[in-house]
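Have a look at the structure below before the remarks.
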Amino acid sequence: QAETKKIALVVKALGIGFFEAANKGAQEAAKELGDVEVIYTGPTTTTAEGQIEVINSLIAQKVDAIAVSANDTNALVPALKKAMDRGIKVISWDSGVAPEGRLMHLNPSSNPLIGNMIIKLAADNLPDGGDVAVLSATATSTNQNVWIEEMNKVLPNYKGINVVATVYGDDLADKSYRETQGLIQSHPNLKAIIAPTSVGIVAAAQAVTDAGKIGQINVTGLGLPSEMAGHVKSGASKSFAIWNPIDLGYSATMIANDLIGGAEAKPGAELKMGRMGTVKLDDKNEGAMADPFIYDAKNVEEFAKIF
Amino acid sequence: MKLLLKNREMLLVVAIIALLALIAMRFPPFVAPGNLANVYNDTSILIILALGQMAVILTRCIDLSMAANLALSGMAAAMLNAAFPGLPVPLIILTAVALGAALGSINGLLVWKLDIPPIVVTLGTLTIYRGLIFLLSGGAWINAHQMSDAFKALPRTSILGFPLLSWLSLVIIAIMVVVMRRTPLGRAFFALGGNPHAAVYTGIDVGRTRFLAYCLSGTLAGLSGYLWVSRYAVAYVDIAAGFELDIIAACVIGGVSIAGGIGSVGGAVLGALFLGVIKNALPVINISPFAQMAISGAVIIIAVAVNARAEKRKGRVILRKAEAAHG
Amino acid sequence: MLQDTTISRTRPAVALEGISKSFPGVRALSDVSLSLYPGSVTALVGENGAGKSTLVKILTGIYQPDEGTIRVDGAETHFPTANAAAKAGVTAIHQETVLFDELSVAENIFLGHAPRGSFGLIDWKKMNADARALLSRVGADLDPSVRLRDLGIANKHLVAIARALSIDARVVIMDEPTAALSHKEIHELYELVDRLKADGKAILFISHKFDEIFRIADRYTVFRDGRMVGEGLISETTQDDLVRQMVGRDVGQVFPKQEVAIGEPVLTVSGYRHPTEFEDINFELRRGEILGFYGLVGAGRSEFMQSLIGITKPSAGAIRLDGEIKVIRSPAEAIEAGIVYVPEERGRQGAIIGLPIFQNVTLPSLSRTSRSGFLRMAEEFALAREYTARLDLRAASLDQDVGTLSGGNQQKVVIAKWLATRPKVIILDEPTKGIDIGSKAAVHAFMSELAASGLSVIMVSSEIPEIMGMADRVIVMREGRIAGRFERTELTAEKLVRAAAGIQEAA
Amino acid sequence: MADVQTIARHIPDRLESRGARLIKSWETLLVAVALAIFLVNSFASPYFLDPWNLSDATFNFTEKAMIAFAMALVIISGEIDLSVASIIALTSTVMGYAVQLGFDTPALVMIGLATGLLCGAFNGLLVTGLGLPSIVVTIGTMSLFRGLSFLILGDQAFTGYPASFSWFGQGYVWWVFSFEFCLFAALAVIYGVVLHKTNFGRAVYAIGNNQTAALFSGVRVGRVKFVLFLLTGLMAAIASICLTARLGSTRPSIALGWELEVVTMVVLGGVNILGGSGTIPGVVLAALIMGMVTFGFGLLNVPGIVMSIFIGLLLISVIALPILYRRFRGRRSH
Ligand SMILES: Nc1ncnc2c1ncn2[C@@H]1O[C@H](COP(=O)(O)OP(=O)(O)OP(=O)(O)O)[C@@H](O)[C@H]1O
Ligand SMILES: Nc1ncnc2c1ncn2[C@@H]1O[C@H](COP(=O)(O)OP(=O)(O)OP(=O)(O)O)[C@@H](O)[C@H]1O
Ligand SMILES: [Mg+2]
Ligand SMILES: [Mg+2]
């Protein structure tokens with residue numbers, strides 16, 4: 001009988017709903033595979049040093065694979081390189097690390113698609129155009145920055161939509177809340193707030209509700225149905241998008257298992273993702289899982305029970 | 001005595017007005033009464049916490065665990081609400097306050113009965129309390145949708161046009177004024193901080209008084225825990241992480257002497273407001289959010305330097321005393 | 001023991017029986033008994049460290065006795081806290097000013113028993129009014145709302161006295177209440193004591209000033225080394241008798257002054273002034289001389305002496321050492337130049353409690369015992385042994401924390417520390433303050449030896465006998481200025497007191 | 001009484017032998033704790049006793065310990081420096097900026113050290129020059145220094161450090177001994193000598209026990225304290241070089257929260273937070289203990305925050321135990 005393979009799912013920080021859901025998917029994959037044990041771990045605050053400490057202890061335990069959602073694109077590279085030197089398969093998912101530090105990166109969805117999606121969600125509810133603002137996570141988070149960049153690229157396609165400010169809530173509820181208050185203050189004509197982060201979107205919706213601006217300012221972006229259900233119901237958010245974090249955790253685990261099994265991550269390769277099918281790697285060894293899915297008053301209740 | 005205290009508080013009032021004027025030049029709507037009320041509301045929790053911290057600092061101690069206490073009490077309140085949505089909110093608040101007081105009393109007991117230096121005690125309990133939140137919640141967040149509407153609504157309830165949170169902080173300021181000025185306990189805080197040795201001669205039990213100061217700061221932290229969690233409608237391990245330093249900074253800016261014995265309710269409130277105005281203003285006057293931290297740091301340093309100037313002991317003036325006596 | 005029939009018939013208001021109290025290394029009180037009678041003033045006398053203040057603290061609930069009982073009106077009681085003693089009607093003016101600089105005068109008076117108004121809250125209006133009344137009773141015209149730190153030392157003492165009176169007591173204890181008071185205030189205090197006596201209060205009065213004791217006391221008790229060695233009626237004793245009981249030997253022995261040939265000037269101070277503390281200080285100090293500096297507490301002597309070693313910055317003035325002008329900006333430079341200052345506050349400025357004896361001794365001389373910045377323990381022990389032996393230090397080992405030594409021995413360590421720097425000029429600020437009679441004699445003998453060996457000594461002292469016994473010349477300071485200069489031959493206690501208090505020569 | 005006065009007594013240098021003092025010392029307690037943790041770890045995880053794993057684990061504490069040495073001196077002198085983690089951030093940012101300007105490794109190191117020294121000098125000046133309480137000053141500079149780093153970097157990161165630079169954080173001197181570990185060991189020796197064997201170290205103790213008396217005794221109190229703040233700045237800069245080299249990138253949030261961990265390490269090492277006592281061997285042991293606890297828990301995949309509970313409990317109990325013990329003994333002897 002083969003020994004159980006150990007796959008570590010390293011997240012940005014423990015306790016965040018999105019990652020808890022990803023863990024659910026990873027456990028599902030482990031059960032399906034039978035001979036895989038998933039170690040769900042991560043630092044308690046979203047710092048690179050914390051993740052390095054975690055990665056070092058995973059290397060010491062001689063895990064077979066590490067799948068990481070990185071707090072910092074570059075800072076993890078030395079530690080992850082060391083892991084690869086010791087024969088550990090390393091992939092990144094959700095938030096990526098620089099190519100030298102991993103075999104492949106699994107994007108939840110393609111970055112241009114997400115960038116387009118978040119601005120589209122805002123624009124769809126603004127037929128006459130208007131001012132919108134972005135509330136991001138930490139200024140250092142890789143994925144948010146990429147999405148905002150992609151969003152700005154397609155901005156000219158949306159006539160009349162002005163992005164008036166980009167602020168950072170650091171993925172802290174209170175800071176996001178205060179930043180939103182600031183936005184409401186300084187931009188009296190604000191029509192929408194785009195928060196491509198699950199912490200920020202909830203805080204922004206709360207701040208808009210408290211300021212009595214429901215109906216005037218629409219909060220949208222990326223969030224979890226379970227956390228956003230109330231705000232969709234109240235009208236603070238008309239719609240938002242997210243990919244399924246359970247699927248993401250599931251896919252990352254499956255890919256890691258495939259790599260342990262001998263598959264090679266190179267441009268053009270197709271890696272197996274169990275029930276999610278396969279992912280095809282591009283020239284940067286990156287692949288995308290699926291399109292983001294839109295949630296609104298019609299379907300949010302149903303998904304809120306799941307994640 | 002009053003004059004000098006008044007002076008220091010006046011100085012802060014002037015500083016805050018100057019600050020508001022400066023902000024108004026860049027962004028006039030900031031000083032609209034409605035917005036100022038918002039800023040006050042946003043600073044309410046800091047004010048409440050700063051008052052608790054002040055009591056502790058007055059007795060020559062320090063409470064680094066206040067923010068962790070807040071987070072733990074807040075998480076407990078949120079989890080209680082999530083688990084039993086039917087539970088009356090006042091009961092939940094009471095639980096949070098009691099838990100906060102209990103956590104504060106642990107600090108107090110360690111300082112009182114074991115004579116461990118306060119900074120070590122609260123440094124230790126800071127990490128322990130944070131860790132307990134993780135153990136309690138398993139690291140999971142409690143989100144808005146898990147909280148009952150009544151739970152979230154309380155601090156937002158509007159009375160005479162102002163949210164209850166603002167009123168609550170005003171009530172606590174009033175209570176603290178009375179406690180600090182007109183109860184033996186409040187006076188004992190000042191006396192003991194000014195001269196712990198002499199305090200014994202006046203029948204003040206130094207250890208017990210410090211214990212009570214910690215209970216007070218813990219109670220206020222517990223209350224703030226509920227307020228924080230319901231106001232921001234979310235609870236997780238890291239809420240208010242690092243906030244202990246803001247609390248201490250508010251006290252220091254407000255002229256509370258870190259060496260104990262000197263401070264006032266008015267000063268602490270103004271110190272908190274000063275920080276609150278800066279925090280709220282920076283995002284709207286288009287100063288890079290990244291400058292925020294550097295500015296608060298500079299403000300703290302300037303405030304300490306100014307306060308130290310004001311505090312600097314005048315010489316005993318043997319000569320002038322002689323002249324006065326003869327003249 | 002002496003028995004007096006008239007008094008023993010009235011019951012004592014408070015009686016102490018067989019009280020003992022030890023501190024680590026010191027037995028402060030052993031088996032003392034003392035009774036205080038209504039309407040009577042008992043004087044408690046004894047040398048420094050005899051245990052007087054310790055007894056006061058036991059009577060006021062600050063210390064707990066190791067053995068013995070306290071009776072109030074015949075009933076045995078305990079005073080676990082200061083409040084308990086106050087409730088039982090025992091109040092005290094303590095020797096240390098146990099006041100709060102940051103609080104108002106009124107609050108200093110009423111802290112712990114402030115008048116309460118509605119809801120049990122402190123009634124500030126009443127407190128200020130009551131404070132004003134009490135202050136006028138002790139003859140102080142102070143605003144009760146002013147902050148204490150803005151008062152001078154004498155007014156602070158008056159506040160302390162008012163505080164003692166704010167408790168409706170039947171036993172009033174005064175531990176050296178006049179130490180910092182001026183003439184006028186002292187007389188007002190006497191009248192106050194008379195009034196209290198007439199009101200039937202029992203009074204315990206502690207003082208080192210005999211004129212005072214004979215002026216107001218009815219009875220006396222003498223302590224020596226923590227024991228009661230005598231008691232009786234003031235009317236049946238004399239000053240000499242009291243001193244003999246206190247000291248337990250001839251007083252002359254205490255000041256073993258050697259005759260030394262005075263040499264050339266070593267230190268010349270000219271035009272020293274400080275904007276607020278002192279001005280116009282000029283004098284010279286000669287080889288082998290002991291120059292006494294006398295003055296009342298707060299006369300500015302310490303402040304001036306500290307300016308000589310660079311702690312207080314003078315605004316003008318110059319020092320010549322052996323004829324050469326020296327600029328001294330820090331104690332380190334002073335030590336280098338050969339001027340050392342043995343500070344008056346032993347605990348705060350002298351001994352470094354927490355460090356062992358030998359490290360205390362060698363601290364200012366490290367440049368001599370070390371080599372290129374690295375410590376050499378053997379040299380340090382040798383130096384420490386040499387100087388502690390010369391002062392006849394009593395200790396278990398040189399590695400012992402100075403904090404564990406008795407006050408007198410701590411003072412010896414401090415003096416050894418400065419001597420080890422091999423100075424030319426040594427300034428001793430209240431060198432025998434708070435040390436026992438044996439050590440005092442040792443310090444005096446040693447001071448004499450120092451002078452004989454060619455050192456120049458400045459001795460700051462507030463004790464007239466010490467000044468008269470030891471000094472070759474005396475400079476009297478008052479309120480930051482020199483108020484008189486006296487040669488040994490023309491020295492009288494009266495001249496010193498007059499100069500220090502600024503009283504004109506009697507007509 | 002009389003005979004005592006006449007016979008000059010010989011006072012011995014020390015009462016207890018070196019061995020006896022060693023056994024009663026705090027360090028002995030720490031060695032016992034360290035051994036216990038080592039044993040528990042060895043049994044709890046099969047991966048613990050592996051030279052390479054242990055070597056990797058040293059990175060958990062070496063950088064913090066370097067700062068802890070200087071911090072120990074500052075705390076013994078009765079002050080505290082809470083800005084160290086922010087100095088790391090600012091130093092790292094300035095070095096990152098210098099990289100963008102094309103400086104090479106030796107220049108980067110010099111620039112880093114200079115930045116640390118400047119920060120230390122700023123703290124030192126405020127504390128000794130203006131006489132402000134160090135705890136408040138450094139709470140202020142803690143925000144200021146990291147704030148400056150946020151101001152410079154914003155949402156950016158500096159990367160592209162030269163390959164030779166990364167050796168400071170990733171290089172090995174010999175076999176499993178990393179450069180960082182060797183530097184840690186060397187600094188431990190240097191600080192041990194400075195604190196325990198030099199006049200400067202003696203001055204630090206004297207100031208910590210009684211600043212006024214030290215001043216009266218000719219110790220240049222202001223100068224010594226200023227140097228101590230310079231040293232913490234310098235050590236923070238050295239730690240920053242190692243950490244930056246190890247991460248290969250600079251973000252303003254680098255080393256967030258380290259100040260409390262460093263203080264914890266120092267206090268756990270037996271340094272009295274109120275000043276006056278403490279030793280470098282104690283700090284070294286505390287660093288090892290904290291490193292082993294973190295690593296041991298890490299091997300069991302226990303979240304970091306649970307480890308911090310353990311460290312917090314360890315901190316309080318290690319300080320409370322001797323107090324309780326003394327009290328218990330005192331009660332029995334009565
Ligand atoms: N808290 C204490 N700890 C240790 N020793 C003490 C303490 N208080 C007093 N002593 C010692 O007890 C002895 C008696 O001191 P006490 O203050 O009672 O003397 P005193 O008679 O009041 O002297 P003085 O005339 O100088 O005021 C002294 O040797 C003193 O050093
Ligand atoms: N206004 C005051 N408030 C508090 N303490 C005072 C005041 N004035 C003087 N003192 C105290 O009285 C003592 C003597 O003051 P200072 O040293 O300046 O004068 P001095 O002439 O040297 O007196 P001494 O005879 O005690 O040496 C000091 O311990 C000082 O702290
Ligand atoms: Mg006394
Ligand atoms: Mg003096």
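Source: prediction; values computed, not measured. Throughout, protein chains are lettered first and strands after them, A, B, ... in sequence-line order, and every chain is numbered starting at 1.
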Practice item. Might you confirm whether atom NZ of C:Lys125 has over 12 heavy atoms from other residues, nucleotides or ligands at distances under 6.0 Å? Key: no
Practice item. Quick one: closest heavy-atom pair of B:Tyr201 and C:Ala82, and the distance? Key: O-CB, 3.4 Å
Review point. Side chain of B:Asn195, backbone of C:Leu99: donor and acceptor closer than 3.5 Å?
Key: yes
Is there a side-chain contact between [X] and [Y] (heavy atoms, below 4.5 Å)?
{"X": "C:Ile62", "Y": "B:Val200", "answer": "yes"}
{"X": "C:Leu111", "Y": "B:Arg187", "answer": "yes"}
{"X": "B:Thr202", "Y": "C:Arg163", "answer": "yes"}
{"X": "C:Leu121", "Y": "B:Thr183", "answer": "yes"}
{"X": "B:Arg182", "Y": "C:Phe119", "answer": "no"}
{"X": "C:Glu107", "Y": "B:Phe190", "answer": "no"}
{"X": "C:His113", "Y": "B:Pro184", "answer": "no"}

**Study point:** When C:Ile122, C:Asn108, C:Thr81, C:Thr312 are compared by non-hydrogen pairs under 4.5 Å with chain B, the top option
**Key:** C:Ile122
Point to revise | Partner chain C: residue of B:Gly194, B:Ala188, B:Ala199, B:Gly261 with the largest heavy-atom pair count (under 4.5 Å) | key: B:Ala199
Point to revise | Proximal component of C:Leu148, with respect to chain B [non-hydrogen, under 4.5 Å] | key: neither
